[in-house]
There are 2 protein chains.
Amino acid sequence: MKGLGELERSIMDILWAENGPLTAREVGRLIADRDLAPTTVMTVLDRLTRKGFLTRTRDGRAWRYEPAASRDAYVAELMLEALEMTGDRSAALQRFAQAVSGSEAEILRRALTELEE
Amino acid sequence: MKGLGELERSIMDILWAENGPLTAREVGRLIADRDLAPTTVMTVLDRLTRKGFLTRTRDGRAWRYEPAASRDAYVAELMLEALEMTGDRSAALQRFAQAVSGSEAEILRRALTELEE
DNA sequence: ACTACCTCTCTACAAGACGTAGTACTACGC
DNA sequence: GCGTAGTACTACGTCTTGTAGAGAGGTAGT
């Protein structure tokens, strides 16, 4: 999986935060603080679609864009991908376990416990 | 933390696999399959040092390069960084927990249990 | 129908990262 | 002193990303 640039990330954040699919124009309005040309937003949406991060469907002349996967799925995938990188997965997992803060360790523990059942 | 390119990764892999620090020449020999110019190896070692992935110490005229952190630490850091990205960390952690295979879930569980003690 | 406007697709360009390497200088061994 | 190893500096092509303009083709108001 490829990474995302900064603007790409901002736009994904907007779409992840939204329930339904948005048009380029709507995304542009939501990202108004950056004052981007409409075509800029369109270009990035297009690239994200080509990279597989978004899907789009027609709505009249316009496209509506929507994340192909949830942010959580994306994050989990990134984590797994990092994990792929090492020969010694257990060592990395142990380090990771030590690094997560207490409350998160608790969440993980609970998630793992549920798996068992 | 920045990511690594392909050649950079190969070189980090070599150094991570090694116990002691290596010179550019030694790295070049170990990566012989790619038939790179010696200066190419040196350049990449230099860049990795500047990025903080390697440390180097003098050995006569030559430098000896060594990873600044273990591969496991790097992997764990990447995982944490991915986790930073989401607003809802627990959702991502739950997904992650579901995605790791059984034996790895076991390792994680054990690592988390040890933390408790 | 004319005009204004919206949206799309295509193309472009600058900056930075990365793979790759040459050049020029220095120091050491023989 | 000559060859060799090693360094620092510079360079260049390619790809990615942020940014956007140009042109085409609808749509709607007057």
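Lettering follows sequence order; numbering is per chain, from 1.
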Rounded to whole Å, CG of Leu7(A) lies from P of dA15(C) at a distance of 18 Å
Worksheet entry | Short side-chain N/O contact to dT17(D) OP1/OP2 from Lys51(A), under 4.0 Å | yes
Of the candidates dT9(C), dA11(D), dA20(D), the side chain of Ala37(A) sits closest to dA20(D)
What I want to check is whether the side chains of Thr57(B) and Asp59(B) have a donor and an acceptor closer together than 3.5 Å. no
Separation of dA27(C) atom P from Arg61(B) atom CZ, nearest Å, is 10 Å
Whole-Å distance, Ile31(B) CD1 to dG19(C) C1', equals 11 Å
* Asked: Hey, does Thr43(B) reach any base, or is it just sugar-phosphate, or nothing, if we go heavy atoms under 4.0 Å?
  -> base
*Stepwise side chain to side chain contact (heavy atoms under 4.5 Å, CB included) check, Leu36(B) with Leu7(B)*: CA-CA 10 Å; Leu36(B) 296 170; Leu7(B) 176 54; 3.7 Å; yes
In whole angstroms, the gap separating P of dG21(D) from CG of Leu36(A) amounts to 11 Å
Within the modelled atom types, does a donor on one side and an acceptor on the other bring the side chain of Arg50(A) and the base of dT16(D) under 3.5 Å apart? no
Trp63(A) atom CH2 is separated from dG25(D) atom C1', nearest whole Å, by 15 Å
(Q) Quick check against the 3.5 Å criterion: does Arg64(A) have a side-chain atom that pairs as donor or acceptor with the backbone of Pro21(A)? (A) yes
The reported gap from CD1 in Ile14(B) to CZ in Arg29(B) (rounded to nearest 0.5 angstrom) is 12.0 Å
Q.
Does dT7(C) have its OP1 or OP2 closer than 4.0 Å to a side-chain nitrogen or oxygen of Arg56(A)?
A. no
Looking only at dG19(C), dT7(C), dT7(D), the nucleotide nearest the Met42(A) side chain is dT7(C)
field: Thr40(B) vs dA21(C): side-chain N/O to OP1/OP2 distance below 4.0 Å
entry: yes
Within the structure provided, determine whether Tyr65(A) and Thr55(A) are in side-chain contact (heavy-atom separation under 4.5 Å). no
_What contact category does Arg25(B) fall into here, base, sugar-phosphate, or nothing, at under 4.0 angstrom with non-hydrogen atoms?_
sugar-phosphate
Check: Thr39(A) side chain, dA22(D) base, donor-acceptor under 3.5 Å:
no
Atom CG of Asp59(A) and atom C1' of dC6(C) are separated, to the nearest Å, by 13 Å
Tell me whether the side-chain N or O atoms of Arg47(A) pair up with the base of dG18(D) as donor and acceptor below 3.5 Å, since no angle test is needed here. yes
Separation of dG25(D) atom P from Arg58(A) atom CZ, nearest Å, is 14 Å
Check whether any side-chain nitrogen or oxygen of Arg34(B) sits under 4.0 Å from OP1 or OP2 of dT20(C), and answer yes or no. yes
Contacts of Asp35(A) and Gly3(A) projected onto DNA chain D by closest heavy atom; the upstream (5') one is Gly3(A)
Asp46(A) atom CG is separated from dG18(D) atom P, nearest whole Å, by 14 Å
